[in-house]
Amino acid sequence: MPELPEVETVARGVDARLRGDRIEAVWFSGKKEPFKSPARTMAEVLPGKRVKRVFRVGKHIVFDLVPTERAPSLKQQAVQWTVHLGMSGRLLVASPSDPIPAHTHAILRMRSKRELRFVDPRRFGRLALHAASSGEGGGFAGKGREPLTISTNEFAALFHGARTSIKAALLDQSRLQGVGNIYADESLFRAGIRPRSRAASLSRKRMDRLCRCLKDVLGEAISLGGSSVSDYVDADGARGFFQFEHKVYQRTKLPCLVCGTLIRRVVVAGRGTHYCPHCQS
DNA sequence: AATGAAACCTGACAGC
DNA sequence: TGCTGTCAGGTTTCAT
């Protein structure tokens, strides 16, 4: 599933290929509006815009788009376009001659003749337009803090007074944004913390450890192009390699790679949750 | 206010 | 073979 490392990988890939390119035309499938912004509005605003850069915020891929001189006067403002991949979304940079996959919901035809395609079988993904804010560093920021750059103090403060489980708290995008089921389970394993532990009950020492383990696992996953556990691929259609590094995620009833105890699966916060009963206390 | 659970979706897969 | 049921899990919405 696309979580922070997968979204980062896709954003980097799209940025490398489309930065400086210009959107010539757009197409949207008429399918039951899988978009946050109306397709009609996007079809009006996107064409003529130049891709200034593409980056990641939480699990969102953000496009900074600026008008080109050819744009009609009405559309002279810079905008941000965000793509959320949901569960099954893909964002692919393809050639027009490449076959169009099933469940393709949006195509942006670029001046370079390449196409940016949004493919999403389950339609949990979302596309949205945002007004680019005038201030420096403004614009789309998401609701939570970025796990890669947060300080240990701020990290610990996020969970102060939280009565819920640490697993649910890690998944809460209004606290931290970008962590999903895989990296919640993997970071808790590395930190030696049971997923059902009350978040606020964890010692500062364990919180600091969790913060470091989370950053480590996210960083390592990014360097391996993310985890391809179902059908995740990057902007080139290539799979990631971090799924081979998973210690607990989807290893139910397999021996723990550290101590040999069988990995247990329970449901926490409505999600399949995997942990080692011996290593995580 | 905070938390949990259901709903949204389709494909993959297990079991019969 | 082909059907049914279950599972996957990010986010939104609804209920408690």
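The nearest whole Å value for the distance from the CG atom in L170(A) to the P atom in dG10(C) is 12 Å. Following rounding to the nearest Å, F124(A) (CZ) and dT12(C) (C1') show an atom-to-atom distance of 11 Å. Going from atom CZ of F118(A) over to atom P of dC9(B) covers 14 Å, rounded to whole Å. Rounded to whole Å, atom C1' of dC9(B) lies 9 Å from atom CG of D120(A). Separating the CG atom of L127(A) from the C1' atom of dG10(C) is a distance of 15 Å, rounded to the nearest angstrom. A straight line from CZ of R163(A) to C1' of dA1(B) spans 12 Å, rounded to a whole angstrom. Remark: P of dG10(C) and OH of Y183(A) are 11 Å apart, rounded to the nearest angstrom. Taking atom CD of E186(A) as the reference point, atom P of dG9(C) lies 12 Å away to the nearest angstrom.
A close approach under 4.0 Å does not occur between any side-chain nitrogen or oxygen of S88(A) and OP1 or OP2 of dG9(C). Within the structure, a side-chain polar atom (N or O) of Y249(A) is placed less than 4.0 Å from OP1 or OP2 of dG9(C). Distances shorter than 4.0 Å separate none of the side-chain N or O atoms of Q173(A) from OP1 or OP2 on dG10(C). Contact annotation: R123(A) side-chain N/O to dT11(C) OP1/OP2 distance is not under 4.0 Å. Contact check, K143(A) against dT12(C): a side-chain N or O comes under 4.0 Å of OP1 or OP2. A close approach under 4.0 Å does occur between a side-chain nitrogen or oxygen of R265(A) and OP1 or OP2 of dA8(C). The side chain of H84(A) contributes an N or O atom lying less than 4.0 Å from OP1 or OP2 of dT11(C).
The NE2 atom of H274(A) sits 14.0 Å away from atom SG of C256(A), with the distance rounded to the nearest 0.5 Å. The line from CD of E245(A) to CG of L257(A) is 10.0 Å long, rounded to the nearest 0.5 Å.
Of all nucleotides listed (dT3(B), dG4(B), dG9(C)), dG9(C) comes nearest to the side chain of M87(A).
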Name the pairs: protein N/O against N/O of nucleotides 11-15 of chain B, kept only if under 3.5 Å.
from    : atom 1 : to      : atom 2 : distance (Å)
dG11(B) : OP1    : H103(A) : NE2    : 2.8

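Separating the P atom of dT6(C) from that of dA6(B) is a span of 14 Å, rounded to the nearest Å.
A cation-pi contact links R53(A) to F55(A), judged by a cut-off of 6.0 Å to the six-membered ring centre and 45° from its axis.
At a threshold of 4.0 angstrom between heavy atoms, the contacts of G270(A) with the nucleic acid are absent. When heavy atoms are screened at a 4.0 angstrom cut-off, A162(A) is found touching the sugar-phosphate backbone but no base atom.
The pair R175(A)-D172(A) meets the salt-bridge criterion, since a charged nitrogen lies less than 4.0 angstrom from a carboxylate oxygen.
Under the 3.5 Å distance criterion, with hydrogens and angles disregarded, no donor-acceptor pair is assigned to the side chains of N153(A) and S151(A). Side-chain atoms of T82(A) and H60(A) include no donor-acceptor pair closer than 3.5 Å. When only modelled atom types and interatomic distance are considered, D21(A) and S112(A) share a side-chain donor-acceptor pair under 3.5 Å.
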Please table the atom pairs, donor to acceptor, closer than 3.5 Å between any side-chain atom in residues 264-271 of chain A and protein atoms at least two apart or in another chain.
none

